[in-house]
Amino acid sequence: MKSIIRKSLILLAGLLCIAGIFLFTGNRVYADDAVIESAYAKLYVNDLAGFTADSATVDPATNNVTNVSAYGRFGYNDSYQNVEITSILNFSTIGNTTFILRAQGDSLGTAGGGWTNSGYYIRWYPHGQFDFCKNGAVLQGAFLGSLPGSMATDTDYTVVFKTVNKSDGSVQITFTINGYVILDYNDSNSPLLEGGWYAVCSEGSVFSARGYGFDSPVLNLADVGDPILSANFSATLDGDNVVTSGANSGVGYALYTDDSYTYKTTVTASANVSASSAFSFTIGANKTNVTEINRPNVVDPLWGWSETGYVLRWYANGQRHLGRAGNDSMVYVWDFPTYSAGDSFDIEYGITNFDDGSVRIHLKIDGNFALIYFDRPREGYTPLSLVEAGGQPSSILNYALVLTHSMDGQITNDEKTELQTLTLTSTDLGAPISGGAGIFDKNGSVSNFGGGIVGAYPNVPENSSIKMKANFTATAGNLVFTLASQGTLDTPWGAGWTRRGYQIYYYANGQTILYKNGEHICEGWAIGGYSISPNTDYTLEVGSVNIDGAIRVYAKIDDIYIINYLDYDDALVGGGTMSIYSGGFAGKLDMAFGKPEVYVESTQIDTNDEITLGYTLDGQSDGDSVQYFIDNATSTAQAEIDGSTLRALSAGTIDVYVCVNGVYSDNLTLTAEEGEYSYIANLPTSPLLVGDSFTFEGALSSGEIVDSISYSVEAITGNATIDDNGTLTATRAGTVRVYVTINGLKSEGYLISITTKVEVANATAMAVGEVRKLSYWTPENSLPDEEITESYEIIDGEQYITFNPLTSEITANSIGVFTLRVTITGESFSAVSAIVSIPIEAPIVTLQGVEDMYVGQTLELYPKINDGVDITSKNIVIVSGEDILDIDEESIVFDNDQPIKVTALKSGTVRIKAVINGIESKEFDVVVSPLQATIIVNNNMIAGSTQNLSVMFNFQSDELDQLAKNAVFTITSGQEYARIEGNTLIANDEVGSVTIQATVGDYSASATVNITSAVIVAGITNNQEVVLDSKIRISFLFPEESEVESVELVILEGKSRVKVERLPLEEDELASDQQFLISALDSGRVRFKLVVNGISSEVFEFNIYENTSTLYLYVLLIAFSLLVVILLTVFITTIILSKKKNKKLAKEASEDKQ
Amino acid sequence: MTKIKRCYYLILMAVLCLSFALFPCSSNGATLQGLNIARRDKQITYDFLDENEMPILGYVGIPNANAGDAGNPAQNPSFINRSNFQRYKDAGFNILSGLYERATLYDPDVHKALTLAEDLGLAYFVNDTLFKCESYAGAVESPSEESYSETLKNAWYLDYDAFAGLAVKDEPSAQDFDGMAKVNKVLKEQTDGKILYTNLFPSYVETYRLYLDQTPIDPWDAYVQYVYEFLNKVQPDVIAYDYYVFMNIDSTLENPLASSNPVDIVAGEVNLQEYIKSLSLFRKISLDYNIPYWVTVASYNHRHGELFTAKQTAWTVNTSLAYGAKGIQYYTYWPSIDGTTMESWQVPSRAGIVSANGTPHDTYYQVKKINENIKIVDEILMNSTSKGVIQFGKQTLPLVAEDTLYGYGLLGNVTGGDAFVGCFDYNGKDVYYIVNNSVNAGRSTFKADFLTNVSNVKLYNLDIAQYNEEHGIDQDFLEYNDISSVGFNLSGGDAILLEVTR
């Protein structure tokens, strides 16, 4: 999450930068570009003499050109060697477009490859690429940037082309479009120093162009006549002209109150001019509270001038000088035309304040910049632009010249400048961690390094910088820094270097050069004209900042940008090796800007206790790289550090030190003493799952007996409960911290991670055509209160579906099975995945809500197809019985949840089915019955009793229920046996039958009520079928208020077929509880009645029948009985015969004895 | 002579023994010897369900990936996921049995199924190959009781709240009972309220499948003996069986004893008489030993590949409940695997309550409605004792005399259509579970007449509960006081419950 925020901020910053670049039009000045200008210190803008169009239309009033079809010349002047031209192009047809500069000769010809004229040109191709040519040939090795994107129509392109003849004889050519640096090239190989044509040529493009900066200033003293110029020094005033005759004479002054001010005048060198004669101008003299223009308030721009303010001088020998209050000489420039007596020049000088506190001073001579200086806030210096309102006097000092002047009190648009500040967010890397030729000491310093690698930072991330104090002993050589190098410890050999990366060269003469991949792409100078002096402290800084699609590489000296280059062309945005190389530039590099000290509240600590380390830092430090260390070489105790938290692990001394921005402190010694502590002896090895439990075991370091132990848990992003036994049960994903307290000693907190299970929530089968948005399921309340991201991955079966990962929507296309995985992640817990396979099948149509109906009833039927299937047609089809059912067409809505209403028209059976998208459901039979009313009444009632009557329809609805309540009951027959009062039937004492009729709206019903004896027989219904050998238990009811005196069960018919038993009464039973048991002995009809107190009950009749199994048993029993009888008969007969035989034998024996 | 006398004594003893052997048989006609079945003080209370909740189970359960034969597995993805379990629960089921996923040592599918069941409040029978019992039928001796005991102690799934017990062999033969007896013994010893779950064969199965040795006795007697042998040996706390009464398409309520189509039925008859005899058999066991019985009804005709009508399914469920069943099972919830591709599972087409991919069929919504009706009345039925059944109107069901009542309590008559009434004692109150006994009938207005005014009648069913809910009444019944008759509407196969205070 943090990463996302960080990236977003970087992206936003990048967008702001790009937006800022696009805002740059006309003469807007970037602070960074301004730095480069100040570094060159010799940039000139030539007011070209109007526009000449060869095959285009030019508006003479505006110099705007339209319908360019071949080329157009923006003018020429051979003497104008250094120009900055701004034009705005707007294409109606896109084609190759070429910008020519310094073309020689009157005829430009074409800018193609056959072009033989001398000159430079840049060809802009529609797809956004550029060629840079010199004398008709592509100049290999020249670096060309690129625009983001192709050439577009109806778009303003602000093109700035700038050439500078440099003092070393080379030509610097700069070309930008909409602020993007396309070319920044130094031509030192037979450079084309002369001026010439500037032209914009079309090779197929059609565009209009507007020019900026082509109007020549008209300097007419009479036109101005500004009264605030006063020749009240030694000069004399002739009309608006000031005439001086002597040296060192002030000629006048003016007040200005705006942040920006430009003064234009014309000066003529007097006859007695000498080599040391100079025009001098002061500006920004900080004379406050000036309310009146008079001599005492004017500051003389004399050498040695002690007032605040800037002074500009132009000497006759061509030297120009910018000084600041206190004789602070800042810039000398020599190589500009000299002047001699009688020479006359247009002079312009001005001041521009910027929002960051910078101030720009410029001097123009004949429209060309003679000097530009950006005075930036830095330590010890405050730019003199910070003035109070009320005005600052400016004076002109004349050294033997005749001055004519013109006043321009307006701030022109051309000069209106705007500063845009670029925030560089490089991280200071501190001291290198790999040594080379030099060895960085603990304080981040290296001394006496010779040639070769001084140090290196392998694997540095993006947006890194290094900053150091440098003090060189040598007066020659260079110090080279490589950035974003793709090799380790690369040797940054100039143009021969073949590694990818940037190199920044600091030369002893103050020059800096930026190379990319061995190609020279940008050059700068230290504060205009300065060299790097030996034995002088400088602050050097190099670094890079990634911007979306580009990289800004920069170099600073004393916090002033010397190189500040935005590389859009195949920018090397990655990190890599950053190394420092010395090209014979011996000296000392010191990464230290102050030496920190470790700070702790107490140097005494118990083992296993924690203490927070801090640091104090004297001197300069703007980095944020802080790291604490334990000096294990000198410590006697064991300890560990987590960030700024030190934990003593054993007794002894602990030496700690801190490194801040690569600078190390001295050791601070802590004393650790053994202390008793509690701790948790076991920790889970993997995150716990919500719902899982884990039992922690607390222990004492001393191993002593534990008197009391308790556990606690602290919810962080997750949550859990813990019981007295240390059993933690995870209840929410995230992290918690667990503590044990033993004998009052609370342990450190142990961070426990909890995760949760996740499943695809709607993993049921899909139907072809169904669109389903996937969702996930986790146990209730198991997620922490943080942003949860879910993602689905198709593992298998992609061919059956279409999956939109952005919406998590699956569209089922064909029958098959696909497998997917869901992953959820939060900031504080790990993702847990589950895999599930989901089959796709043909859609099924069902019809719900079908039930039997009654005529007039309306039923809501729900034809349904699989959820998610787009319903294109839907209906209920009557297969048979069309005239029975009416389908309400208006109720058909193509939605699964909307029913179709059907109404039963008449009775019968109708067969229906649902059809959705042409797919049929199964068929259903619906039985439609006539709507009938039924009287709810007990058809049997006891004489003399009453009962309520009500009517019920065989279909219930609120309307019918209400109708039933209004039923009117009448007796249609048997009025002598009962009467009706309201809805109560009151029986007389006589036994008989009553027919009741109910009238309910259009319906009627009748019922017959038998008024029976007061004796009610229970346990049997009339005309019942009774199985042979079964038993019927008969009880009876008699009015409760009547005492039962006698009760008899009388068999009227079939007495032989049954056996009647009077069951004995239990102790607490009364005569009214008497029951009879009728056993069915033989098949046939039986009739009986019960007589209580002489009152007969209804006569009951039942039929006894036998079933085959019972018959079988009887047959078996009879057979068995016969068998037993036979056997017994045989047995007894045998015994009798035996006894007789024995008697006979005994008698015979007796007779024998006898 | 002595020899002759002894001979007579021997003959007499033989005759007596024969008679004793014949007479103790139940009305179901089987010969049973040496029964040692303890009567439970009370019926089991499952620790995995609410005390008053009736078990409702869908068999076949939700398949894991590549389910079926390990040697030739089906090519299917895993369906064990939250959505399918949620759908199962939404249909009113509260117990699920593992089938293809087996918990030998450890199995991630079983773990996931237990976890999902636990999350959703479902109970789950673990199918563990170590307790399968099926491989021991025949010659191979089952593991020892000690071995089972040790295995169960180390079982990893015991601590899951959803663990309801062990699903051992489905439709076991009598030879499997020894192994099951050991498993059930150690299960009872080591757990409380967990059960051994198996589903017994229906009575119409071939006799050789009941007894591998093809005991040559009457099929029905063989079945009764098979059931009692299960009771005697395994000592179960729950007994479950199936009987797919409408599977024989020739058998109708109008022609209940129609012969089976010989092509379809290879063993005993599938007809209403045996359907009732089976209910009667298990009702008797339930009353004799206080053991609840669960009835499995068919959700589709797997012999003919046709879905039953909603009325047929409702009638089967409700007649079972009227007879005193204390649990309902459906076969099948998920189509059983038939081949290696999911397409082949669809044979016969559209089998099961859901499709091979888990998509609901029409049956799903029908079963859901039936189950919702059960939930309206299950608290009463689970706490009631069956007293018998009564038929009013056409006497279409060949009832067993032992179960048949001609009156119960003050209920005098039910008119308006053919009614099948289960009579119960509910803590001193009379409860009547009244089923519209005409399977194909449309809705009729029924009327229950009492012999005299009763002080309070509560009328329960799903329509009433929904009607009440629509009218903002927070109760599942309509209540009447001091009334002599009550009217209600019923479609074929549907049922209402009357709770009567005299």
Side-chain angles (χ1 to χ4, degrees), chain A residues 759-765 767 777 779 817 819 836-839 841 844 846-848 851-852 854 866 921-922 927-929 932 934 936-942 947-948 950 952-956 1016 1018-1021 1024-1027 1030 1032 1037 1107 1109 1116 1120 1123-1124 1127 1130-1131 1134 1138, chain B residues 1 4-5 8 11-12 15 18-19 22 27 29 65 76-78 81-84 87 119 307 309-310 342 350 355-362 364-365 392 395 401 404 406-407 410 412-413 415-416 440-445 447 449-453 463 467 483-487 489 491-492:
Chain A
E759 298 171 13
V760 177
N762 43 1
T764 52
W777 175 92
V817 179
T819 304
V836 65
S837 293
I838 297 178
E841 61 183 9
I844 294 177
T846 61
L847 180 58
Q848 296 176 39
E851 59 181 47
D852 294 332
Y854 297 93
N866 302 68
S921 73
K922 60 173 278 195
V927 178
V928 179
S929 305
Q932 290 179 338
T934 302
I936 304 301
V937 59
N938 193 338
N939 300 87
N940 299 298
M941 68 186 292
I942 301 168
Q947 65 166 312
N948 288 330
S950 61
M952 183 175 180
F953 286 94
N954 47 7
F955 159 61
Q956 278 175 288
I1016 303 297
I1020 192 167
T1021 55
Q1024 197 167 269
E1025 295 293 320
V1026 174
V1027 178
S1030 62
I1032 306 168
L1037 296 170
N1107 65 16
S1109 61
L1116 195 63
F1120 174 71
L1123 182 62
V1124 170
L1127 287 173
V1130 172
F1131 181 65
T1134 306
S1138 176
Chain B
M1 184 60 213
I4 295 172
K5 204 163 67 178
Y8 278 119
I11 293 170
L12 183 61
V15 171
L18 180 63
S19 66
L22 286 170
S27 63
N76 68 289
S78 175
N81 59 45
R82 181 167 300 277
S83 300
N84 284 320
R87 175 165 287 161
D119 280 355
L307 292 171
T309 66
M342 284 200 299
R350 302 179 67 129
S355 74
N357 288 330
T359 307
H361 284 151
D362 300 322
Y364 176 89
Y365 302 102
F392 293 100
Q395 306 292 300
T404 308
Y406 300 100
L410 292 182
N413 202 3
T415 58
N440 299 315
R443 196 193 304 240
S444 304
T445 301
K447 185 159 64 71
D449 291 335
F450 299 103
L451 298 175
T452 182
N453 276 15
D463 287 344
Y467 182 88
I483 193 170
S484 63
S485 62
V486 60
N489 292 317
S491 292

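FYI, side chains are in, hydrogens and waters are out, and symmetry mates aren't considered; it's all heavy atoms of this structure. In what follows, chains carry the letters A, B, and so on, assigned in the order in which the sequence lines appear, proteins first and then strands, with residues in each chain numbered from 1.
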key: Contacting region of Tyr467(B) [heavy-atom separation from chain A under 4.5 Å]   = side chain
Part of Ile483(B) lying under 4.5 Å from any heavy atom of chain A = neither
query = Which bit of Ala761(A) is near chain B, if near means a heavy-atom gap under 4.5 Å: side chain, backbone, both or neither?
reply = backbone
query = Heavy-atom distance under 4.5 Å to chain B: side chain of Thr764(A), backbone, both or neither?
reply = both
note = If one checks every heavy atom of Tyr854(A) against chain B at 4.5 Å, the contacting part turns out to be side chain
inquiry  = Out of Asn948(A), Asn940(A), Asn954(A), return the one with the most heavy atom pairs under 4.5 angstrom to chain B.
reply    = Asn954(A)
query = Does the side chain of Glu851(A) pick up a donor-acceptor pair with the side chain of Ser491(B) at under 3.5 Å?
reply = no
remark   = Looking only at Pro839(A), Ser1030(A), Ala765(A), the option with the highest number of non-hydrogen pairs under 4.5 Å against chain B is Pro839(A)
query = So what's closer than 4.5 Å to chain B heavy atoms on Val1026(A): side chain, backbone, both or neither?
reply = both
task = Report the option among Ile942(A), Ile1016(A), Leu1037(A), Val937(A) that has the most heavy-atom pairs separated by less than 4.5 Å from atoms of chain B.
result = Val937(A)
task = Examine whether an atom of Ile936(A) lies under 4.5 Å from a heavy atom of chain B, and if so say whether it belongs to the side chain, the backbone or both; otherwise answer neither.
result = both
request  = Could you tell me which portion of Asn939(A) (side chain, backbone, both or neither) has an atom closer than 4.5 angstrom to a non-hydrogen atom of chain B?
outcome  = both
